[in-house]
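Below: the structure, in structure tokens.
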Amino acid sequence: MILQELIIECKKQNAKAQEALYRQYSGVLFGICLKYSPNRAEAEDNLQDAFLTIFRRIDQFQGKGSFEGWMKRITVNTALQKYRKKKVFDISNEGQIEDAVEEVEESNVPLDFLLKIIQELPDRYRLVFNLYVLDGYAHKEIAEMMGITDGTSKSNLARARMILKTKVEDYNLTNK
């Protein structure tokens, strides 16, 4: 079944079409959930919640733009919504840090180590880092999505980069 037919059938709440859509996109959307979740179990929960929202709102997709992009946006927002409720974005008495790009000495740091240390970042830092660095959102967009200020977004990104830089430097020292 081609994508347009799947969408039409999902709009009719056809369970087989919903299952086919899930099978086709769950891998891509789960990767997004992993980026925005502190662990695999929460990523799985976020994926299920995202698909429930996708199926509930599929009538709102008008065929303008990419359907996959529309689903990705819902998936990111689903994960962020959970953290907004926890108020992980509130920062008390933290000074602003300039959006300085930290240079890290080039090294052969394994990808799985990098993914692990990104996953270990505090929620507010990890989410801003992923949105800005991995997904290319601007600070203004991140601020709107997360209900924070541009300055807080920049500060959280700078702090995330400092933490990651320290961990990469420590890795390089112990693995020379």
Side-chain angles (χ1 to χ4, degrees), residues 3 6-7 9-91 110-150 152-161 163-164 167:
L3 181 58
L6 266 180
I7 294 169
E9 289 302 311
C10 285
K11 286 181 179 184
K12 296 177 185 175
Q13 298 181 353
N14 177 322
K16 287 191 183 289
Q18 289 174 335
E19 182 182 346
L21 189 73
Y22 180 88
R23 273 197 248 121
Q24 187 170 345
Y25 288 100
S26 61
V28 170
L29 299 181
F30 185 63
I32 291 169
C33 290
L34 282 171
K35 285 193 317 193
Y36 293 99
S37 304
N39 56 54
R40 189 172 187 84
E42 243 183 82
E44 290 169 355
D45 288 346
N46 286 336
L47 178 67
Q48 297 308 315
D49 292 343
F51 267 103
L52 289 173
T53 302
I54 288 165
F55 294 139
R56 192 171 51 250
R57 295 186 181 167
I58 200 160
D59 282 333
Q60 295 174 8
F61 181 72
Q62 301 299 318
K64 297 175 184 166
S66 158
F67 182 69
E68 184 173 338
W70 180 79
M71 290 191 305
K72 286 179 179 180
R73 174 69 76 154
I74 288 175
T75 303
V76 169
N77 285 331
T78 298
L80 292 179
Q81 195 170 42
K82 184 176 286 185
Y83 293 105
R84 268 189 233 117
K85 288 178 184 173
K86 291 181 183 178
K87 303 231 184 259
V88 298
F89 305 128
D90 292 346
I91 298 179
L111 180 60
D112 60 337
F113 175 75
L114 290 174
L115 294 174
K116 178 181 174 286
I117 63 175
I118 291 169
Q119 204 69 20
E120 291 171 350
L121 286 169
D123 290 339
R124 63 183 179 223
Y125 301 160
R126 185 185 71 254
L127 295 173
V128 171
F129 180 85
N130 286 337
L131 287 166
Y132 187 84
V133 175
L134 302 179
D135 292 333
Y137 287 95
H139 286 294
K140 183 176 181 176
E141 294 172 298
I142 295 168
E144 289 172 11
M145 291 168 76
M146 295 174 57
I148 58 177
T149 66
D150 291 12
T152 299
S153 177
K154 290 175 184 178
S155 174
N156 287 349
L157 177 63
R159 290 180 189 279
R161 286 179 167 162
I163 292 168
L164 294 173
K167 289 185 177 191

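Side chains are part of it too, since the values below use all heavy atoms of this structure and drop only hydrogens, waters and symmetry mates. In this text, all values refer to a predicted model and were calculated from it rather than measured experimentally. FYI, the numbering just counts along the sequence from 1.
Side-chain contact of Asp49 with Thr78: a donor-acceptor pair under 3.5 Å is absent, judged by distance alone.
Considering only heavy atoms from C-beta on, Val76 comes within 4.5 Å of Leu131 through its side chain. Contact of the Arg161 side chain with the Val133 side chain is registered, since non-hydrogen atoms from C-beta on lie closer than 4.5 Å. In this structure, the side chains of Arg56 and Thr53 come closer than 4.5 Å at one or more pairs of heavy atoms. Residues Leu47 and Tyr22 meet the side-chain proximity criterion, which asks for heavy atoms closer than 4.5 Å. Counting only heavy atoms from C-beta outward, the side chains of Met145 and Arg73 approach each other to under 4.5 Å. Side chains of Leu134 and Tyr36 form no contact here, defined as non-hydrogen atoms less than 4.5 Å apart. Ile54 places a side-chain heavy atom less than 4.5 Å from the side chain of Leu29.
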Start with the C-alpha distance between Tyr25 and Leu3, add both sets of side-chain angles, then the distance that settles side-chain contact (heavy atoms from CB on, under 4.5 Å), and finish with yes or no.
CA-CA 11 Å; Tyr25 288 100; Leu3 181 58; 3.6 Å; yes

Derivation and outcome, salt bridge (charged side-chain N to carboxylate O under 4.0 Å, His left out), residues Glu9 and Lys12:
CA-CA 5 Å; Glu9 289 302 311; Lys12 296 177 185 175; 3.4 Å; yes

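Listed here is the closest heavy atom pair of Ser153 and Ile142: OG-CG2, 3.5 Å. Closest approach of Trp70 and Ile58 over heavy atoms only: CH2-CA, 3.7 Å. The shortest heavy-atom contact between Ala17 and Leu6 is O-CD2, 3.4 Å. Considering every non-hydrogen atom in both Met146 and Arg124, the closest pair reads CE-O, 4.3 Å. Of all non-hydrogen atoms in Leu21 and Cys10, the two that sit nearest each other are CD2-SG, 4.0 Å. For Cys33 against Ala43, the heavy-atom pair with the smallest separation is CB-O, 3.4 Å.
Counted within 6.0 Å of CD on Gln13, heavy atoms from surrounding residues, nucleotides or ligands total 12 or fewer; the atom is thus considered open.
Taking the six-membered ring for Trp and thresholds of 30 and 60 degrees, Phe51 and Phe55 have ring planes inclined between 30 and 60 degrees apart. Ring pair Tyr132/His139 is parallel by interplanar angle, where below 30° counts as parallel and above 60° as perpendicular.
Taken to the nearest 0.5 Å, the CD atom of Glu44 stands 9.0 Å off from the CG atom of Asn39. Distance check: Ile7 CD1 to Phe67 CZ gives 4.5 Å after rounding to the nearest 0.5 Å. Leu34 CG to Arg40 CZ: the interatomic distance, rounded to the nearest 0.5 Å, is 6.0 Å. In this structure, Leu80 CG and Thr75 OG1 are separated by 11.0 Å, a value rounded to the nearest 0.5 Å. The CG atom of Asn46 sits 13.5 Å away from the NZ atom of Lys35 when rounded to the nearest 0.5 Å. Here CD1 of Ile163 is found 10.0 Å from CD1 of Ile117. Values are rounded to the nearest 0.5 Å.
In this structure a side-chain-to-backbone donor-acceptor pair under 3.5 Å is present from Glu141 to Ala138. Panel note: side chain Asn156, backbone Val128; no donor-acceptor pair is recorded below 3.5 Å. A donor-acceptor pair under 3.5 Å is formed between the side chain of Lys11 and the backbone N or O of Phe61.
Salt-bridge check for Lys72 with Asp135: failed, with every basic side-chain N at 4.0 Å or more from each acidic carboxylate O.
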